Each structure stands twice: as structure tokens, then as C-alpha cells.
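Positions are given from 1, in the same order as the sequence printed here. Order of appearance sets the numbers: ligands from 1, and atoms from 1 within every ligand. Quantities reported herein were computed from a predicted structural model and do not represent experimental measurements.
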Amino acid sequence: MNLRKKLIAGNWKMNKTPADGAALVAELVATVGKLTDVDIVVCPPFVALESVGRALEGSTVKLGAQNLHPEASGAFTGEISAPMLRALFTTHVILGHSERRSLFGETDAFINLKVLAAMKNQLRPIFCVGESLAEREAGATLKVVQTQLEAGLEGVSKEQAAGLIVAYEPVWAIGTGKVATTDQAQEVHAFIRGLLTNLFTEPVAQRIRILYGGSMKPANAPELLAQKDIDGGLIGGASLEARSFVELVKAAVAAK
Ligand code: PEP
């Protein structure tokens with residue numbers, strides 16, 4: 001029996017105004033808004049959380065943010081805290097995305113503080129790890145993923161880990177149209193499951209969803225989602241249109 005419900009999460013990145021976001025979500029709610037056999041999360045930009053949250057009311061689709069600051073409040077110009085996200089009924093938050101790591105200099109140690117802040121505030125982290133093309137070509141994929149995972153999850157308790165979601169996103173596959181082969185993805189997902197077992201015990205690791213992210217589209221999703229340790233997808237480009245996102249949700253329903 002599979003203990004893990006499939007999860008499809010949309011990372012809208014810096015796209016959609018509050019009105020555009022609400023309109024997209026209205027289409028999702030009309031088509032897949034009552035599903036319970038697959039979890040769906042949409043992660044709009046901060047400014048659209050409120051309008052999108054309102055459009056999601058009464059549906060099973062959950063609201064996620066794309067980042068947070070580890071402190072609850074204070075002199076951190078331009079930042080948003082976990083309690084602020086909770087006040088908008090956000091339940092999930094993407095942390096450690098490769099764009100945050102590479103474009104905004106986020107270190108494993110800083111990401112770790114964010115993960116701990118999310119957990120303390122009952123937000124589920126969608127915690128991203130993944131290697132660059134140079135790291136893959138140098139044969140360092142597993143080492144890189146291990147370092148990011150162990151450093152990012154330092155201090156997370158077994159009880160807290162039950163609410164964790166991990167996303168394996170090979171950097172070279174994000175927004176490039178290059179998707180990892182199912183074997184490449186499954187190898188890393190199984191490796192991550194092993195690391196989670198070492199950190200949190202087997203029963204906990206068996207319950208943690210590990211999403212694949214990197215150019216997942218309706219055409220390649222069925223094969224990826226059929227893999228034993230691929231429990232869903234973190235979707236960038238294909239989450240910006242209702243039609244492709246709904247197709248991905250349907251692929252997850254079919255693979256459950
Ligand atoms: C992402 O940025 O999380 C992502 C997976 O993007 P895309 O689907 O566009 O590759």
C-alpha cells in the first residue's frame with residue numbers, strides 16, 4: 001500500500017497579479033477543486049496570496065508561499081515572516097529553491113533557519129534540493145543533494161519531519177525543457193528516501209512526499225509519477241495555465 005498521497009504544487013514564481021492569480025485559480029477550482037485523492041497546492045507571489053486564498057475558499061486546493069524570512073518580525077525591509085503567511089491562511093511554503101540559492105545567495109544554513117521557522121509556525125516546507133549541470137557532470141549529484149538535505153534539515157525533529165515535503169529539482173532541468181530521465185530522477189529520489197530514513201527513521205521517511213521538479217509537463221508526467229519514490233511534482237512553467245496544470249493533476253490521479 002502506498003502511504004503517500006500524490007501532490008502537485010504550482011510555483012508561479014514572479015508571475016500573475018492578484019487579479020490574474022484569482023482568475024487562474026477560479027478555473028482550477030471549477031475543474032479539480034473537489035479532489036481529495038491527490039493534494040494540490042498553488043504558490044503565487046506574496047501580493048496575490050490574499051486574492052488567491054479567497055478564490056480557493058471551499059475547495060480542497062491549498063495555498064503556498066514561495067519564501068519566508070526566519071524571524072517573526074523586525075527590521076528586515078522587504079521581507080515576509082511565517083506568522084504573516086499564516087495570517088493569510090497559507091499552509092505551505094517553498095524553501096531552498098535553486099533560484100533563491102543562486103540568484104539571492106541563500107546558503108544551506110540560512111535555508112535551515114527558514115525550514116525551522118516554517119515548522120515552528122505550522123507551515124509545511126516544500127524544501128528543494130538539486131545539483132547543477134556542472135555538479136552532475138562531475139559525478140557529484142548525490143554528494144550535493146546529501147549536503148543540501150542534511151544541512152537544510154538540521155535540528156528538525158522526527159515529529160516535525162512528518163509535515164515535511166522535499167522537492168528534488170535538478171537545476172539543469174528547471175525552465176530549460178530538459179527533463180531528468182525517469183531513471184535519473186528515481187535514483188536520486190530513492191537516495192533522498194534513504195537519507196530521510198537515516199535522519200528520521202523508516203516509518204517517518206515512508207510518509208514524506210518527495211516531489212520531482214524540472215520541466216515536468218503533461219507529456220512526461222505519467223512516466224515520472226509512476227516511479228516508486230516520485231510522489232508528485234513541483235511545477236513551474238506548466239502551472240501558469242489552467243489547462244496544463246489540470247492535466248498534471250489528472251496524471252497524478254491516474255498514477256496514485
Ligand atoms: C521550478 O522552478 O520549481 C520548476 C520546476 O520550474 P519548471 O517546471 O518551469 O522547470
Checklist entry - Numbering the atoms of ligand 1 from 1, which are under 4.0 Å from a heavy atom of Gly214? => result 5 (C), 10 (O)
Item to check | Nearest non-hydrogen protein atom, atom 9 (O) of ligand 1 | outcome: Gly237 N, 2.9 Å
Checklist entry - Do Ser132 and Glu135 pass the side-chain hydrogen bond (donor to acceptor under 3.5 Å, both in side chains) test, and can you show the C-alpha distance, the side-chain angles, and the key distance before you say yes or no? => result CA-CA 5 Å; Ser132 66; Glu135 288 163 344; 3.2 Å; yes
Checklist entry - At the 4.0 Å heavy-atom cut-off, does Lys217 count as touching ligand 1? => result no
Checklist entry - Given Leu153 and Leu196, is the side chain to side chain contact (heavy atoms under 4.5 Å, CB included) satisfied, shown in steps? => result CA-CA 10 Å; Leu153 297 181; Leu196 294 171; 4.0 Å; yes
Checklist entry - Backbone N or O of Leu123 within a donor-acceptor pair of the Arg86 side chain at under 3.5 Å? => result no
Checklist entry - To which protein heavy atom is atom 3 (O) of ligand 1 closest, and what is the distance rounded to 0.1 Å? => result Glu169 OE2, 2.7 Å
Item to check | Which of the ligand 1 atoms, numbered from 1, are nearer than 4.0 Å to a heavy atom of Gly213 | outcome: 5 (C)
Item to check | Protein heavy-atom partner closest to atom 4 (C) of ligand 1 - residue, atom, separation in Å | outcome: Gly236 N, 3.6 Å
Checklist entry - Which part of Ile174 is near ligand 1, with near meaning a heavy atom under 4.0 Å away: side chain, backbone, both or neither? => result both
Checklist entry - Taking heavy atoms and a distance under 4.0 Å, where does Ser98 meet ligand 1: side chain, backbone, both or neither? => result neither
Item to check | Donor-acceptor under 3.5 Å (Gln148 side chain, Gly130 main chain) | outcome: yes
Next on the checklist: Donor-acceptor check, side chain of Ser239 to backbone of Phe245, threshold 3.5 angstrom: yes or no?
Outcome noted: no
Next on the checklist: Run the salt bridge (Lys or Arg N to Asp or Glu O under 4.0 Å) test on Arg54 and Glu50 for me, step by step, so that the C-alpha distance in whole Å, both residues' side-chain angles and the decisive distance to 0.1 Å come before the verdict.
Outcome noted: CA-CA 6 Å; Arg54 228 177 291 119; Glu50 191 165 10; 3.7 Å; yes
Checklist outcome for this item: Here the atoms of ligand 1 under 4.0 Å from any heavy atom belonging to Ala173 are 10 (O)
Checklist outcome for this item: Ranked by distance from atom 1 (C) of ligand 1, the top protein heavy atom is His97 NE2, 3.2 Å
Item to check | Distance filter under 4.0 Å to Gly175 heavy atoms, resulting ligand 1 atoms | outcome: 7 (P), 9 (O), 10 (O)
Checklist entry - Which residue pairs satisfy the side-chain hydrogen bond (donor to acceptor under 3.5 Å, both in side chains) criterion with at least one member in residues 31-45, sequence neighbours excluded? => result Asp39-Arg209
Checklist outcome for this item: atom 2 (O) of ligand 1 has as its nearest protein heavy atom Lys13 NZ, 2.6 Å
Checklist entry - Between Lys114 (side chain) and Leu68 (backbone), is there a donor-acceptor pair under 3.5 Å? => result yes
